[in-house]
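To start, the structure itself, in structure tokens.
Sequence positions, counted from 1, serve as the residue numbers for this chain. No experiment lies behind these values; they were computed from the predicted model shown. As the structure lists them, so they are numbered: ligands from 1, and atoms in each ligand from 1.
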Amino acid sequence: MKAAIYPGSFDPVTFGHLDIIKRAAQIFDELTVSVLNNKTKTPLFSVEERVKMLEEATRDLPNVRIESFSGLLIDYARDKNIHVAIRGLRAFTDFEYELQIAQTNRKFSGGDLDTMFLTTSLEYAYLSSSTVKEVASFNGDISQCVPEFVGKLIYQKYGYDR
Ligand code: PNS
């Protein structure tokens, strides 16, 4: 069985992430989307909230499971006996950062964890969780960026009722 992990912050999940999840779920038998519990960042949503949002947004995808992890991705992947990490590439500017992480993970895992990049669909190439939060914080329209139920939760965080 071919399995992969799609790790990320997902704070919150966007249509860009969902595009990658759907496509990776077609390539692999099982896809684990895993939310990083990063104690050094101050996220808008708790890990539990992010996991719940991802579960709701992917409930029509039977071979996708949602988890969270802390620590190194290579340790988490080794524990799960998974050897492929999925990452989305939106633009050239993502490449250097992603290449460095991918090379580090491959080297430090002794070749056990490879990274497969999927290019984000062009319609979502501009999209990032940070942009979505910025626009929502000013009560701007994010309906093209995230599922409706996610949008509602983001506006709630910023004190808007819409
Ligand atoms: O959505 P993000 O924040 O761009 O995802 C980054 C992520 C989670 C893929 C990356 O930060 C990660 O894997 N962190 C876990 C810690 C780790 O393994 N670091 C070593 C790579 S340099």
Side-chain angles (χ1 to χ4, degrees), residues 2-25 27-28 30-58 61 64-137 142 144-147 150-151 153-154 157:
K2 289 274 174 221
I5 296 174
Y6 179 22
S9 300
F10 305 105
D11 184 40
V13 61
T14 68
F15 283 140
H17 297 128
L18 291 171
D19 168 53
I20 298 292
I21 291 172
K22 280 177 198 146
R23 287 160 54 205
I27 299 169
F28 290 90
E30 190 172 287
L31 178 70
T32 303
V33 179
S34 206
V35 176
L36 175 66
N37 187 357
N38 187 345
K39 301 237 158 59
T40 63
K41 276 193 188 172
T42 315
L44 183 62
F45 291 99
S46 69
V47 170
E48 293 73 24
E49 288 172 320
R50 285 179 269 161
V51 165
K52 259 194 178 163
M53 282 187 277
L54 277 159
E55 279 171 350
E56 174 69 24
T58 61
L61 300 171
V64 172
R65 61 160 69 205
I66 313 298
E67 292 188 357
S68 62
F69 77 107
S70 28
L72 290 178
L73 180 64
I74 55 171
D75 293 337
Y76 171 68
R78 194 195 315 108
D79 288 349
K80 296 184 67 66
N81 199 23
I82 294 180
H83 307 283
V84 181
I86 301 290
R87 293 288 287 169
L89 282 179
R90 287 167 300 191
F92 200 69
T93 41
D94 282 340
F95 185 72
E96 200 171 333
Y97 168 70
E98 293 294 341
L99 182 69
Q100 193 185 9
I101 294 183
Q103 299 282 30
T104 305
N105 285 338
R106 189 165 151 71
K107 182 78 183 167
F108 282 66
S109 68
D112 219 35
L113 184 66
D114 247 310
T115 303
M116 181 182 277
F117 293 107
L118 295 183
T119 51
T120 303
S121 297
L122 282 179
E123 62 203 291
Y124 304 126
Y126 68 95
L127 198 50
S128 74
S129 297
S130 311
T131 313
V132 172
K133 286 182 278 191
E134 169 103 16
V135 173
S137 73
I142 53 168
Q144 292 179 62
C145 309
V146 294
V150 173
L153 294 168
I154 302 173
K157 288 275 181 193

Item to check | Residue pairs involving residues 76-111 (criterion ring-ring contact (aromatic ring centres under 6.0 Å, His included); sequence neighbours excluded) | outcome: Phe69-Tyr76
Next on the checklist: Measuring from atom CZ of Arg23 to atom OG1 of Thr120, what distance do you get when rounded to the nearest 0.5 angstrom?
Outcome noted: 7.0 Å
Next on the checklist: Is there a side-chain contact between Leu31 and Ile21 in this structure, where contact means two heavy atoms from C-beta onward sitting under 4.5 Å apart?
Outcome noted: yes
Item to check | Residue Gln144 excluded, over 12 heavy atoms near CD under 6.0 Å | outcome: no
Checklist entry - Do other residues, nucleotides or ligands put more than 12 heavy atoms under 6.0 Å from Lys2 NZ? => result no
Quick one: ligand 1 N/O to protein N/O pairs below 3.5 Å?
| residue | atom | partner | partner atom | Å |
| --- | --- | --- | --- | --- |
| ligand 1 | 1 (O) | Ser9 | N | 2.9 |
| ligand 1 | 3 (O) | Ser9 | OG | 2.5 |
| ligand 1 | 4 (O) | Arg87 | NH2 | 2.9 |
| ligand 1 | 5 (O) | Arg87 | NH1 | 3.3 |
| ligand 1 | 18 (O) | Leu73 | N | 2.8 |

Item to check | Pair Lys80 + Glu30: basic N to acidic O under 4.0 Å | outcome: no
